[in-house]
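Presented below is the structure to which this report refers.
Chain A is the first sequence line, chain B the second, and so forth, proteins listed ahead of strands; every chain is numbered from 1.
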Amino acid sequence: MPELPEVETIRRDLQGEVVGRKIKSVEVRNGRTVRRHPSAKLFRARLEGRTITSVGRAGKYLLLGLDNDEVLVVHLGMSGQLQRAKSAKEPKAPHTHAVLTFTQGGQLRFVDPRTFGELFVAEPPQDGSGRVAELAHLGFDPLEDVMSWDRFWALLAKRNVSLKALLMDQEFVAGIGNMYADEILFAAGLRYDRVSSSLSSQEVRRLQRAMVETLSEAIKRRGSSLADAQYRDLFGEVGEYQGQHQVYDREGKPCRRCRSIIVRVRSGGRSTFLCEHCQV
DNA sequence: ACGCCCGCCTGTAAGC
DNA sequence: TGCTTACAGGCGGGCG
């Protein structure tokens with residue numbers, strides 16, 4: 001399940017692969033993928049003939065800047081993948097829902113078995129924030145928007161939610177999902193159900209540090225690929241960070257720090273993994 | 001304000 | 001072995 005580290009890995013690879021390329025044609029093979037648009041035809045018309053000028057990211061969204069200042073937004077959802085094909089002749093993977101063909105040859109393909117992902121073209125950002133209107137709700141970026149710990153503390157103090165709910169709230173901080181929320185909370189030594197406003201200054205500092213370091217390290221290892229909804233990068237390769245996981249998907253295994261057994265609890269239909277000894 | 005549920009999806013794996 | 005069921009979860013919406 002692609003979260004910030006996986007999306008950032010793809011963003012960095014895309015930069016060298018698609019910037020400067022002109023979109024010759026667009027094929028939409030599953031209309032659900034472009035559901036924000038009235039029709040696939042209108043989606044295609046917004047892209048054909050455009051050149052990609054930049055590749056950005058906002059939370060879990062990829063932002064492909066176009067030469068008319070519009071933005072192709074790519075959201076991978078649960079199971080979305082972008083695949084770089086050197087030639088149109090390469091066989092298409094099952095669930096290939098959209099294909100961009102470049103004038104210089106080669107394709108960018110969107111593959112998404114569970115179809116939670118989507119593509120849409122957004123109007124140029126209007127308000128000077130640099131953010132397209134559809135993504136205006138997103139909170140700060142944990143890696144781009146560095147803030148002092150006391151400002152972070154002030155943000156936490158305003159809320160009375162569990163730490164896990166807060167970390168996963170895209171309107172608070174953008175890019176963290178179920179998996180990295182658990183890993184960050186382990187690294188911070190904090191339980192998922194601690195109320196955000198109850199943290200001491202030391203705990204706030206630990207949380208902020210854990211957030212930045214966990215996500216940075218995961219990017220260095222090119223993200224996490226698990227058995228379910230295998231994340232793959234632009235070239236079909238798996239990530240390596242799953243080998244570093246401390247708690248996520250490690251139910252029943254010994255904590256790498258204290259050897260206690262990692263437990264799984266369920267709430268709201270979601271799993272949380274934690275070490276009850278290391279996280280207080 | 002917040003917790004929790006549902007619906008949207010399909011591949012995988014566990015259970016009978 | 002073969003069928004059924006549960007599970008994975010990002011996100012938007014709704015309900016209490």
Side-chain angles (χ1 to χ4, degrees), chain A residues 1-8 10 28-37 57-63 73-82 92-98 110-120 122 131-139 141-142 155-185 191-198 215 218 223-232 236 238-239 242 245 247-252 262-273:
Chain A
M1 49 234 69
E3 301 180 26
L4 189 151
E6 291 77 29
V7 176
E8 178 62 18
I10 294 168
V28 176
R29 313 175 105 223
N30 181 339
R32 182 172 149 78
T33 295
V34 295
R35 54 191 173 271
R36 287 203 200 210
H37 292 269
R57 178 186 60 74
K60 302 173 195 171
Y61 295 82
L62 283 164
L63 309 170
V73 180
V74 180
H75 183 43
L76 300 172
M78 274 297 298
S79 60
Q81 291 175 35
L82 285 177
K92 289 187 184 68
H95 308 291
T96 300
H97 299 324
F110 181 73
V111 179
D112 185 18
R114 292 180 202 174
T115 71
F116 286 10
E118 63 168 332
L119 307 183
F120 63 90
R131 177 70 58 78
V132 303
E134 290 87 340
L135 304 181
H137 64 282
L138 294 177
D141 188 285
L155 286 180
L156 289 173
K158 277 194 267 184
R159 302 285 298 266
N160 279 315
V161 276
S162 74
L163 284 184
K164 180 151 180 181
L166 194 62
L167 288 178
M168 289 179 63
D169 181 354
Q170 303 301 302
E171 296 185 28
F172 177 74
V173 55
I176 299 170
N178 201 40
M179 176 169 67
Y180 288 105
D182 285 3
E183 291 299 318
I184 288 166
L185 288 169
R191 285 182 58 95
Y192 67 101
D193 52 1
R194 284 287 301 279
V195 173
S196 57
S197 57
S198 78
L215 296 173
S224 302
S225 297
L226 295 162
D228 181 58
Q230 278 266 23
Y231 156 73
R232 299 294 175 104
V238 297
Q242 64 280 359
H245 284 189
V247 288
Y248 189 81
D249 206 26
R250 295 196 69 241
E251 182 185 17
I262 302 299
V263 299
R264 176 208 291 232
V265 297
R266 288 172 198 274
S267 94
R270 302 281 181 266
S271 287
T272 291
F273 298 88

*Tell me: CZ of Arg266(A) to P of dG9(C), nearest whole Å?*
9 Å
*Starting at atom CG of Leu166(A), determine the distance to atom C1' of dA1(B), rounded to an integer number of angstrom.*
13 Å
*Tell me: OH of Tyr192(A) to P of dG3(B), nearest whole Å?*
12 Å
*For the residue pair His75(A) and Tyr61(A), categorise the inter-ring angle as parallel (less than 30°), tilted (30 to 60°) or perpendicular (more than 60°).*
parallel
*For Arg36(A) and dG12(C), what is the distance between atoms CZ and P respectively, to the nearest whole Å?*
7 Å
*asked:* So Met179(A), base contact, sugar-phosphate only, or nothing? Heavy-atom distance under 4.0 Å.
replied: nothing
*Report the residue from Leu156(A), Leu138(A), Leu167(A) that forms a side chain to side chain contact (heavy atoms under 4.5 Å, CB included) with Phe172(A).*
Leu156(A)
*Base, sugar-phosphate alone, or nothing: which one does Arg35(A) contact when heavy atoms must sit under 4.0 Å apart?*
nothing
*Between dG11(B), dA8(C), dG12(C), spot the one nearest the side chain of Tyr248(A), thanks.*
dA8(C)
*Any side-chain heavy atom of Leu76(A) within less than 4.5 Å of one from Gln81(A)?*
no
*From dG9(C), dG12(C), dC7(C), pick the nucleotide closest to the side chain of Arg270(A)?*
dG9(C)
*Taking atom P of dC11(C) as reference, at what distance in whole Å does atom CG of Leu119(A) sit?*
15 Å
*Nearest of dC2(B), dA8(C), dG9(C) to any side-chain atom of Asn160(A)?*
dC2(B)
_It should be established whether Ser79(A) places a side-chain nitrogen or oxygen under 4.0 Å from OP1 or OP2 of nucleotide dG11(B)._
no
*Donor-acceptor contact below 3.5 Å, side chain Glu118(A) vs main chain Val73(A)*: no
*Which nucleotide sits closest to the side chain of His75(A): dG10(C), dC7(C), dC2(B)?*
dG10(C)
*5'-most contact on DNA chain C: Lys60(A) or Ser271(A), nearest heavy atom basis?*
Ser271(A)
*Can you figure out which of dG3(B), dC9(B), dG9(C) approaches the side chain of Ser162(A) most closely?*
dG3(B)
*With the side chain of Pro113(A) defined as its heavy atoms from C-beta on, choose the nearest nucleotide among dC11(C), dC8(B), dG11(B).*
dG11(B)
*How close do Ile262(A) and Arg250(A) get, heavy atom to heavy atom, and via which atoms?*
CB-O, 3.3 Å
*Please state how far atom CG in Asp112(A) lies from atom C1' in dG9(C), giving the value in whole angstrom units.*
12 Å
*What's the CD1-C1' distance between Ile176(A) and dG9(C), to the nearest Å?*
16 Å
*Nearest-angstrom distance from the residue atom CD of Glu118(A) to C1' of dC11(C)*: 9 Å
_Stacking between Phe116(A) and dC8(B), defined as ring centres under 5.5 angstrom apart with planes under 30°, is that present or not?_
yes
*Between the base of dA8(C) and the side chain of Arg114(A), is there a donor-acceptor distance below 3.5 Å?*
yes
*Among dG10(C), dC7(C), dT10(B), the one nearest His95(A) by side-chain distance*: dT10(B)
_Base, sugar-phosphate or nothing for Arg264(A)? Non-hydrogen atoms, less than 4.0 Å._
sugar-phosphate
*Would you kindly compare Lys158(A) and Arg32(A) by the position of their nearest DNA chain B nucleotide and give the one closer to the 5′ end?*
Lys158(A)
_For Thr272(A), the option from Arg266(A), Arg191(A), Lys164(A) that meets side chain to side chain donor-acceptor pair (under 3.5 Å)_ = Lys164(A)
